[in-house]
Structure formats: structure tokens, C-alpha cells
Amino acid sequence: MLAVTLVFLCTLILCGSVDTLFPIAKKQLMGVHKELEDSTRMTATIADGTRMRLLESDLKRSSRVRSWVLSPWASLLYALGGCMRRETVVGTDGWLYLRERLQPVEHLSDSGIDAFGPAFTALARRCEALGTKLVLAPVPDKAWVHPEHLPAGFVASDAGYQRLVRTLRARGLVVADLLSALKAAEGQRYMRTDTHWTPLGCRIAAECIADSAGISVPVEQRPGRVVQDATQIDTGDMLVLSGIEAPAVLEGGFESHMLSFANQLHQVPLEHIDFTDAPLKAPDLVHPWILVGTSFSASGHFQECLARSASERPLVRSLSAVTAPIVLRQFVADLELAVTHGIRPRVAVLEFLATDVLNSAYSFTDFMKAQVGPALSGYSETPAEWGIALSQSSLLVPGEHTLGPKGLAAWLPRGALLQPADGCLALLLEGAVLAGAPRVSVQVGDTRLSLRWEASATRMLIPLVGASPADNLRVALQAADGARVRVDSLRLMTTLAATAQAATVGLVNADASGFTQDIQCPAESRPHALALLELDVTGTLPAALRIAAFAPMVDGASLTAFMDKPIRTTRLLLPLPQETPTTLRISGAAPVPKRLVRKASVLVQSPRG
Amino acid sequence: MVFASGVFLYWFLPLVLLGAISLPRALRNPFLTVASFVFYGWWRPDYSLLMLATAAFDFGTGMVIDRARQRGGRGTGWLVVSLCANLGLLGWFKYANLAVGSWNSLMTLSGNDPVLWTSVLLPVGISFYTFQSMSYTVDVWRGELRATRNFGDFLCFVSLFPQLVAGPIVRYRDVAEQMATHRCSLPFFAQGCLFVMLGLAKKVLLADVLAPVVALSFDHGAPGGTDTAWLGLSAYTLQIYFDFSGYSDMAIGLGLIIGLRFPFNFDSPYKAESITDFWRRWHMTLSTWLRDYLYIGIGGNRAGPWRTRMNLMLTMLLGGLWHGANWTFVAWGGLHGLLLSLERVPLLAKARAALPRFLRIALTLGAVMAAWVLFRCDSLGAAGSYFAALGGAPSGSGTEPLNALQIALLIIGGSIALFGRSTQHLVHKATWATLGWAALVFFMSLIHLHWQDHVPFLYYQF
């Protein structure tokens, strides 16, 4: 009696205690995912049970015990009986399919498909007004391309896809028929235990999209040969979905799991396309293409494909989004961002899952109306009061915030930071310091900029010089003393064109302990001028070097910008006060051989009037 | 909140046990009442008010009826009020949608406009706590029970979380004394733990693993072939048994842990040799409730064989309707009523008695399985198609093959259901081997809970 009581109680109390005392840190969501999560949490109430369901969901996700047992148990079930979670259909030869895309639901009728046609047409017209050609790329389901591995009883009918393409084309829209292209090809186009394309599938899709966009890719330049990477293996996302690979947790890095058994169970060698024999044709041109896709794996191949064939450099935005609404939202956000930056993408490719539309997984029409319409029609390219382009949405949630040591952070993923050809990119922070001494920390790639937010400043300009689409942006408001701030907005800002005045000085004051140099900048008549400080470096600066640049702020306060290690860029962007000659002071706090930093130059840029 | 969830097992249950063990007797029932309301209102707190109102109303009518009886009357008027209130509440929340839907079908057929209607949401467990509460006033009216003067105890009885949402249906007269005196003791506690461990394993390891097999056959319109139809029906026969009896075991176990003995609800029902025997073994608290408060109330077997058969049929029809607002449940109850009536035909009874035992069990099981088709299908039309598929009519084009685990569990589950002992027997005759097995399947259930998605108990919908 005592034994059974002890077993029962000890198990429950132990599991509860471990989960309570050692919870797994919550995964940091980003971008649209975070927005959706925040929205869900804000609207959740106790009355309708949504708050309690969220609590249960949080407890489940933070369960330490779960992270220990999930993967081995899932692996054991799969190994013993091929038992997967209900979302996955086990086909022949180890092929896995997503059940929700195989459900024998009634596909939309022609009129049903046509119901959201106007929304697509409106989007295409809006893109056209921007000088952008919209290419729709409905992604076919794996089962339609590889029906040969489906288990008995499942029929893969792609008739809905054909009707979708036909209906959209009848509206004059450009549609890439990926299904026909993928079916016509030979070889494995989808991965066995994954929902994504193989490199071959990616290449076929990318070429099909390029063809639909009117980009002629010479056959001889179509890259390349598929090679298997012996050193890289993967389990496939559908095994992960079944818990065979426990969910990774992002909290300053990926947490390791007890996965050795699970990972070895079902490994798939990763493949890639070898591009080495197809050199880039025009890598340095400015205006990018934009691809927004559900297919993470295709982006690299699409980029490579276009880079070798087009006369313009492609920018490929690849999203690991799960559902089409998120992708569409991101698509619109990207388009807005690009236009805000003064960039007119020549082609925008909207890739979406055909099954989501055909199975009416959500109200596609309502979504298009609610999200795409206002977002595209509402933004302002050149507000008169700024003479610059300013993104509409704030990166930080407006309102009053108390800052802890972790601070209040926002970030933009790779691909978002597009430097205009003839302007500057910056962040504009508007708000007020209510208490304490907060700092604004901006990290672009590996470069970090730390600014003090003066109590008197209600507007801060934070330069993002040197940022490229390859960089992430992370911006955080931080304070050690629990400072309070009011954030009105934190937005990306771009000067569309700039006048430039240069001042160059030699670094005469350098010695063994560092260097200090003042640089005089002429008065600038227009508001929001920026000084681009550039160091002429002949070699690699020491990693320990800390360079500071001092300048008066826009609102009369001072600003000190730092370049922390490791230094990748030798440029800093500083705001200049209006109609006042300014002295910029740069200093290096570590010994710098004089020969490395020969001179410093300043380029003053002011917005187009 | 559901038993088979982390929040219940790891947080709610340990905290409630701590309170139930450590608090003095005077505070124990109020504490359990609060805990039960938290349990019930976890997802929809507003429906707790409905349960509170039901308990308060029946407590009041019980007092009035009791007072009337003390004065030499019977209080029948108040009983009628109580029955109308309880059945009215049940009728509104459970059957209004069916009534309006059926009316609208008739209107549409006759070319008239249907009534505009917003569906009424069904509060979880309303069928169970309404029956429990209603039986109290009936017992007081019959003089089998004195009305309690302690509203706290009565509210605790109605809301008691172990059996609140899916039974067993406990009557106040069975636990009235316990409500005042219950306390945790090691023998009860240990037995309760064993019940919970085995019940959880039945639910999580057997019923939930078989659920996808059932869904494949029943949820896609056509079962997809004769073999699939039979497999799906077999899986459902096991799923509903292990799901519901698993819940009942957990409820009984949780009751024992806090010092209360609830009546057993299952006794190896698939070993029944007749439909009459089946109802002595399946959902025993419902069948005895229907017998005591409905069947006997409308005359029982006191008015000759034909009237008895009519009463049986009526009882089972209403019993079927109690399960849900769908004509399939009525048909299910009707089929059971018909079979019960037929078993009382002397010639047939003699013929059945002459059959070997295994054949009697097989025939009973076959009939029960046939009735499960009605119980599981969404409509009578779907049930007809399913019966056709069972009979070999072409239906669909095959379906997903079972994996090895599902096949193994079908065999294991079938063996347990047909040859295994009931949980109460296992618990009361527990050996070290039983304890070892119970611990093993308990651990496996907890692990499996982390892996699988939420699968609600089937009887939550009733």
C-alpha cells in the first residue's frame, strides 16, 4: 500500500516540481509570429477559457520533463510500430505526408476560387503602380508530385490546382504553374521525411518562377548538379513534427537535447546544388528582386538561379512561415519596407500553399481584404514634413515601459535592411525618458552601437550605416536601474537622396595609447542631416579597439556612438544639428598603429527637400 | 480541466491532495467545493453559476419537500417543480438545438422559412450533475432520505470534481454519511492511487492510441471498405470502453484518495452473456438510475409482459436521448430497448440459454457492436452507409493501413476486454506484480501524455 502511494505521489510531485523549478525558457518569437502571439495574449480572457488554455499551453511548452521524454518516446513509438502523431501519414518506403493536406475535403469550386481573385488583382494592380510585376506561385502539395509513395486509400487529386491556375490566369494574373513543372521533371523533387523540395525541386521551381517572371535563363547557365553533402544530415520536418526531434529552444542559443538516439533513427543526408561551375553574372547591381515564400529551402536556389541569369541582383526573402496568412502579411510588409527604402522591386513573387487556398483553411478573401488592401494603400512614401521615407509600423510597441536588465527589444530578420543607393538608412526613435538613464543598443550583424537616451531628447536618430540585407538588426532599450520610458514609435527611416559635403582629415594625434581627432563639419541648413564618418583603414583593426565618436544631438543633447568589437565596418553615421557648424570627435581607446588608420573622412548627407 | 492533462496531474491534484489531507474536517468540504469549482470553471467559469443554481434550487426544494412530509403531506407539487426545473434546464441546453433543427427541416421541406436560431452551447457534465441533483429531491420525496440541512455538504456533493463531468452518477443517499465523515486513510489512498494509475493507462495508452483508427473509419463519410469498417468498429468498441471505464476508474480512485467511496461503473461489460447482463455491467450507475427513477416510476415489470417491454423500450429510448441530442442516440437506445424486450420473450430466452457460453457472449458482443455504429455515426444516413460497408457494400477506396502499434493494441485491448479482470478486482486483489504493472503503465501514460495532442474523454460530450 505504501509502495503504490509513494510511487504515485512521488511521480506527480517530482514531475510538477521539476517543471516548476526548472522550466524551459520561452522561445523568443520574432516578427509576425510575435505579433500574432501578442495579439492572442492580449485578447485572451478567463471568461471564454482562452487564458487558461494559453496557460496550459505555456506549461506544456516550458515543461522540462517533456523535453526529456518527448524525443526518446516518439522515437521508440516510431521504431516499434511506425507510430506517428496524427498529423503525419506514413507512406511507403519511409515517405511521410502531411495529413491536413490529404484530407478528402471538398475543394473550392470555380466560383469559390474566383471569390478571392479580385483581391489578387488589386494586389497586382498596386504592385504595377509601383513598377513591380507580381508573380503568383501556388505551391503544389508533395502528394501531387510524388503520389507513388502514398499509402493505400489515399488519392492525390491535383484537379483543384489546375483550376486555381486557370482561374487566376483568366483574370490576367501571372501565375507560375509549379505543379506542371515539377511533375514533368524526373527524379526526387520532394524530400522523403520533409515537406520541402529537394535541391532538384528547388531548381525546377526557381526556373519556373523565373520563366513566369519573364526572365530568360539560358539553358547552359542553369545551375548545376545536385551533390550530396556527406557531413550534413537532417531528420526532416515531419519527424520533428512528430516529436522525434524535440523542439529547439532559442534563448541566446540553441539548447542541446537528449537526441543522440532519436537523431540517429532516421537521418537524411542533405543535398545541395553545386554552383561552382556557374559564376555570378551581375552580382553588384543595386535593385533587388523580392521573393516571399513559404519554402525556406527554395530561396537560396532561386537567388542563385536569378543571380546567374538576370541583369539585376536578386534579393530573396525566405520565410520559415507555417501558414499562408503569415506569409502574405510578411509579403506586404516586405513590399512596404522596400518601397519605403526607395526601392522598386521589378518583380515580386508571392508564393503560397495551394492546399491552404483550395481547402479553405482560412478565409483567404477576408484576409486579403483586411491585410493586403490597407497595408498597400495606406503607406506614405515621402511625407512632406520629413522629406524622407519613413516606415509606417513601429518596431517597438508604443506605450510606457519599465526597462529591466533585459530591456525592451525588437529586431528585423535578414533581408530587411536595404541601403538605398543614394541615401542613408537609420532608425528614428520617438518618445521620452520618464525616469532613469536608458540606453539604446543597436546591433547590426556583429556590429553594436550603444547610445544614451538623454532625458531631454524626444527624438533620436540612430544611424545604420554599413547594414546590408545579409545582416539582422536588433535594437533594444536597456537600463540597469529600472528606467521608465515612453515609446511613441521606433521606425526605419531612409533618405531618398542626399546632398553630400565631405571633410577629410589625417589622424595626426595618434600615439601608442590610441588616438583623438576633431573634425569640423560645415553647417547644414536642412533638418535631419547625417554625418557619415568613415575611417580609412589599411588593414585589420585590433579586435580590442573601441572607437568612440562624439557629436551634438539633434535636440541639443550630445551623442556618443561606439563601435564594439569585432569591428567589421569602419563607418559610423551621426546626426547633425541644423544650421550649426559641428565638431565631431573620434577617439580610439586602444593602441592603434598609425599606419592602420591613416585618415578620417566625413560625408554630410541631408534629406532631399 | 481534464484528468489526462499535465495541469491536472502535476499541479491541481497534488495541491488538492495536500489540502484534503492537511485541513481539519470542518474545512475539508468547503475546500473540496472550491477546488471543484476551479476544476469545473477552468475553461468556462460562467457555467459554474449554472451548477451552483442547480444545487441551490434542489437543496431548497429538498428542504420544502421534507418539511411537507414532516407535516403529513408528500410535497408532490414541489417535486414536480424540481423535475420541471431540472429537466427544463437539461432540455434547453441539450435538446433545444435538436428541436429547432428538426423543426427547421420540416419547415424547409414544406417550403416555409426556417426559424433563425443561434446554437446553445452545452455545459460540460450537465447531464451528470443534473441527474445527481434530481435524484436527491426524488429520494427525499420518496422518503428514502431526509433532506440535508447542510448546504455546504450538498454543494460539495453536486460539484465534487472526481465524478462531476462524466460520472459515475452518484446519489446523495449513497454518500450522505460519507460527506460528513470522510477522511483520507492509507488503505483508501493506496487503492485510489491504483485505480487512478490503471484508469489513466486505459485512457491514454489504449483508448487514445486507437482513436485515429476510429476516426479514419467514421470521420470521412465512408469507412473505406468492409475490412476497414470492421476494423474501425472493433477499434471503437474498445476505445469507448477503455475511455469511459478509464475515466470512471480515475473518478473512483480520486474519490478514494480523498476518502469517498463511489459506486463502480463497469464490470467487464464485453463478457456479458446477454443485453440484460450487459446493462448490469456497462455504465452501471446510469442503468441503475434509469431503473430506479424511470423504469420503476413508469410501472416497471408490474403490469404484465407487454407493458414491461413497453417500459423497457421507453426507458432505453430516453436513456439513448440522455446521451445526446441526435436521433442516432435515440436509435441506439431503441435498439437496446428492442433487444432487451426480445430477451424477455420466453421462446427466445430458452433458445439463448441453450447456446454455449462463448456463443452467448459473441452474440451479445455482436449486438452491442452493431449498436455502437448508431452511437458513433453523426446521422442515421451515415449509420446506414456504415452498416452497408460492414455488410460488404463498396464504400470508398480503402484507407490508411494500421501501424504495428495499433494492431498490437487492438489485440491487447481486445484480450483485456474479453479475458481480463475488472479494475476493481485487480485493485482489491492486488499483488506485487499488479503494482509493478500499474507503475509501469502509469509511467508510460505520463510520458505518452507529453507526446500526444489533447484527446478529450468521449463522455465529456454527454
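This is a predicted model, so every value here is computed, not measured. As a basis for the values below, the full set of heavy atoms in this structure was taken, side chains included, without hydrogen atoms, waters or symmetry mates.
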message: What verdict does the side-chain contact (heavy atoms from CB on, under 4.5 Å) test give for A/T20 and B/W11, after you've listed the backbone C-alpha separation in whole Å, the side-chain angles of each residue and the deciding distance to 0.1 Å?
response: CA-CA 9 Å; A/T20 308; B/W11 283 278; 3.1 Å; yes

- line: The interface call for B/I407 against chain A, heavy-atom contacts under 4.5 Å, is neither

- prompt: Which pair of heavy atoms, one from A/V4 and one from B/C193, lies closest together, and at what distance?
  reply: O-CB, 4.3 Å

task: Measure distances from A/S63 to the heavy atoms of chain B and classify the residue's part below 4.5 Å as side chain, backbone, both or neither.
output: side chain

field: Minimum-distance pair of heavy atoms, taken over all atoms of A/M52 and B/W42
entry: CG-O, 2.9 Å

- request: Could you go through the side-chain contact (heavy atoms from CB on, under 4.5 Å) check for B/F442 and A/L12 one step at a time?
  value: CA-CA 11 Å; B/F442 178 58; A/L12 296 189; 3.8 Å; yes

message: Does any backbone or side-chain atom of A/L9 lie under 4.5 Å from a heavy atom of chain B? Answer side chain, backbone, both or neither.
response: side chain

field: For B/P45 against A/A47, the heavy-atom pair lying closest together
entry: CD-O, 3.5 Å

- prompt: What heavy-atom pair brings A/L70 and B/H450 nearest, and what distance separates the two atoms?
  reply: CD1-O, 3.7 Å

- request: Sort B/L435 into side chain, backbone, both or neither according to what part of it lies under 4.5 angstrom from a heavy atom of chain A.
  value: side chain

query: To the nearest 0.5 Å, what is the distance between CG (B/L186) and OG1 (A/T5)?
result: 5.0 Å

- line: Ranking A/V7, A/I13, A/T11 by heavy-atom pairs under 4.5 Å to chain B gives rank one to A/T11

B/F443/A/V69 under side-chain contact (heavy atoms from CB on, under 4.5 Å): CA gap, chis, key distance, verdict: CA-CA 11 Å; B/F443 290 140; A/V69 301; over 6 Å; no

field: Region of A/L14 that comes under 4.5 Å of a non-hydrogen atom in chain B
entry: neither

message: Looking at chain A, which one of B/V7, B/L446, B/I257, B/D46 has the largest number of heavy-atom pairs inside 4.5 Å, strictly under?
response: B/V7

field: Spacing of CG belonging to B/L13 relative to CZ belonging to A/F8, to within rounding of 0.5 Å
entry: 5.0 Å

message: Distance check, rounded to the nearest 0.5 Å: B/L449 atom CG versus A/K60 atom NZ?
response: 8.5 Å

field: Per-residue contact mode, A/I46 against chain B (heavy atom under 4.5 angstrom)
entry: both

task: Sort B/W451 into side chain, backbone, both or neither according to what part of it lies under 4.5 angstrom from a heavy atom of chain A.
output: both

